[in-house]
Amino acid sequence: MKKTKTYHITTFGCQMNEHDSETLAGMLAEKGYEESPERDEADVVIFNTCSVRDNADKRFFGTLGQLKKIKKSRDLTLCVCGCMMQQQHIIDDIKKKFPWVDVIFGTHNIHQFPQLLDSALEEKKRVINVWEDGGEIVEGLPAKRLYKHKAFVNIMYGCNNFCTYCIVPYTRGRERSRKPEDILREVKCLVADGVREVTLLGQNVNSYRGDENTDFSDLIYMLNEVEGLERIRFMTSHPKDLSDKLIQAYVDCEKLCKYIHLPVQCGSSRVLKEMNRKYTREDYLELIRKLRAAVPEITISTDIIVGFPGETEEEFEETLSLVAEVEYDSAFTFLYSIRKGTPAEKYPDQIPEEVKHERFNRLVDLVNEISAKKNAAYVGRVEKVLVEGYSKNTATAYSGRTDGFKLINFEGSEDLVGKIVNVRVTAGKTFSLEGEIVSE
Ligand code: SF4
């Protein structure tokens, strides 16, 4: 009997990459491939890379090196894609140091993957095809979703903002928005397939422009009308594009979850200018004030970079004071690391590693202290939770997300997966809540 071919995908980085991996998996499923839980047993191994963080680069190259031995011992097609492949020096490195890689493609031509794989298999030679920029948006690609009840939906691609530390505008190209009718069609199909919650994805979703009549808030209002859809989230938004109209959408659209991830990056207006973020500390705090005035229960998370070139101790303390003032529910904190090809690479006054680490630890302590305090305040509240499945922490518990995107663990049963249930919070920890299902 002919053995079914298998694949394994390793994904680094953000939700955009996770969703691209779902598309790759969908295309392979259409070709008759099955997913292999073990990378070392798969016929096709794919690495979907990220170039935003330094440690993801290192892990990727390390694993690529280890695969040489496996590649020698059996038939294996090794494919690499994602943001790193949009940089010529990375492709040159792979060609020189990792000649056992079979297929290299980029973020703009994911749809070509089945043909590229076929050429590599038929011609038994390495295939490299990376587009410099995105052409027309390709609609209708399949996806093998990670979850049955929630789905990612790309609404736009690329970024025009050129923050001076970020490589994304160079790897994902300029902003291109999908047409509202294509997004609506996809969301309706997902709902018909059992999806209850969609997360609208883009590097900067609130600069979405589907057509002259549809900006991001219009899209939210439109999706709020989709029957059967219960929750709408989005990721990521830029403070400079957070309009009053979008804040009003939180008030008017009951399906829009009362949660926002609003990256601040730094609390010092001078550093924000150097980062080319296009807002000041005061602008950002004013947005938070407006959001909380309109939606008092909103939960807020952020991204913060520590140790941007030239950041002084006083400027770092401005970040600490902003964090203390906003009281984020959670924050993703990062050590600044040089990204080759970005303006900040050339900035003088790179901060010594030990200083960065010391500041980072102080920031994390503060962020965690606030998260724990905020979560403790949830005790006794009843939250609507979309049940996602087994908790990763204990075998008996189930977990899900509250409307405000807080992770909560509780005793449950398999039939609840995919349903929205009421859970009373019994304990608040730093990174999650504990609770019990109630019938009200
Ligand atoms: S908004 Fe800034 S940080 Fe975000 S993807 Fe664009 S350039 Fe990068």
Side-chain angles (χ1 to χ4, degrees), residues 11-20 48-57 82-87 90 106-108 132-134 152 154-178 199-209 215-216 233-243 246 260-281 283-284 287 300-309 311 319 322 328 331-347:
T11 309
F12 298 93
C14 65
Q15 282 91 349
M16 298 285 283
N17 266 19
E18 267 186 43
H19 189 41
D20 284 350
N48 189 2
T49 65
C50 165
S51 47
V52 172
R53 309 274 165 233
D54 201 27
N55 57 353
D57 285 27
C83 291
M84 282 174 77
M85 302 311 127
Q86 295 298 139
Q87 297 166 275
I90 301 268
T107 56
H108 301 302
E132 270 196 16
D133 217 330
F152 297 127
N154 271 120
I155 61 163
M156 60 179 301
Y157 301 88
C159 180
N160 291 351
N161 290 323
F162 291 93
C163 301
T164 54
Y165 52 82
C166 181
I167 195 75
V168 167
Y170 310 92
T171 60
R172 293 261 171 187
R174 296 295 68 72
E175 287 176 2
R176 286 154 293 134
S177 296
R178 287 178 70 197
T199 301
L200 309 176
L201 287 184
Q203 301 297 343
N204 182 13
V205 282
N206 43 2
S207 68
Y208 171 85
R209 250 273 137 232
D215 64 13
F216 183 57
R233 300 187 188 281
F234 59 85
M235 179 78 82
T236 289
S237 51
H238 193 302
K240 82 173 169 54
D241 298 310
L242 180 58
S243 64
L246 179 57
I260 189 164
H261 181 72
L262 194 63
V264 66
Q265 307 300 6
C266 179
S268 148
S269 295
R270 190 202 69 82
V271 176
L272 286 169
K273 190 153 191 280
E274 292 294 308
M275 288 177 160
N276 194 30
R277 290 291 292 174
K278 305 184 182 91
Y279 54 85
T280 63
R281 172 191 177 95
D283 297 335
Y284 185 90
L287 284 176
I300 304 175
S301 62
T302 198
D303 293 334
I304 302 171
I305 298 173
V306 176
F308 186 78
E311 179 191 74
T319 298
L322 181 132
Y328 292 104
F332 299 92
T333 47
F334 305 98
L335 284 167
Y336 170 77
S337 65
I338 291 178
R339 299 288 78 196
K340 212 170 161 182
T342 60
E345 178 197 2
K346 306 256 164 26
Y347 284 7

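All ligand and atom numbering here is 1-based and tracks the order in the structure.
- Note on Cys166: counted as a metal contact of atom 8 (Fe) of ligand 1, an N/O/S atom lying under 2.8 Å.
- Here is the list of ligand 1 atoms found below 4.0 Å of a heavy atom in His238: 1 (S).
- In this model, no donor atom of one side chain and acceptor atom of the other lie less than 3.5 Å apart for Thr199 and Gln15.
- Between the side chain of Asn17 and the backbone N or O of Thr49, at least one donor-acceptor pair lies under 3.5 Å.
- Within the structure, the closest approach of Arg277 to ligand 1 falls below 4.0 Å when heavy atoms are considered.
- With respect to atom 1 (S) of ligand 1, the closest heavy atom belonging to the protein is Asn161 ND2, 3.4 Å.
- Closest to atom 3 (S) of ligand 1 among all protein heavy atoms lies Tyr165 OH, 3.5 Å.
- Atoms of ligand 1 lying under 4.0 Å from any heavy atom of Cys163, numbered from 1 in the order shown and given with element: 1 (S), 2 (Fe), 3 (S), 7 (S).
- Near Cys159, meaning under 4.0 Å from one of its heavy atoms, ligand 1 places the atoms 1 (S), 5 (S), 6 (Fe), 7 (S).
- With a 4.0 Å heavy-atom cut-off, ligand 1 is reached by the backbone of Phe162 but not by any atom from C-beta on.
- Side chain of Arg172 to main chain of Cys159: no donor-acceptor pair is present (N/O by atom type, distance under 3.5 Å, no hydrogens or angles).
- Within the 3.5 Å criterion, the main-chain N or O of Pro169 finds a donor-acceptor partner in the side chain of Arg174.
- Using cut-offs of 30° and 60° on the angle between ring planes, the pair Tyr336 and Phe308 is perpendicular.
- Counting atoms of ligand 1 from 1 in the listed order, those under 4.0 Å from a heavy atom of Pro169 are 7 (S).
- The only member of Ile304, Leu287, Ile305, Ile300 that meets side-chain contact (heavy atoms from CB on, under 4.5 Å) when paired with Val264 is Ile304.
- Under the 3.5 Å distance criterion, the side-chain polar atoms of Thr107 are left unmatched by any main-chain donor or acceptor of Cys83.
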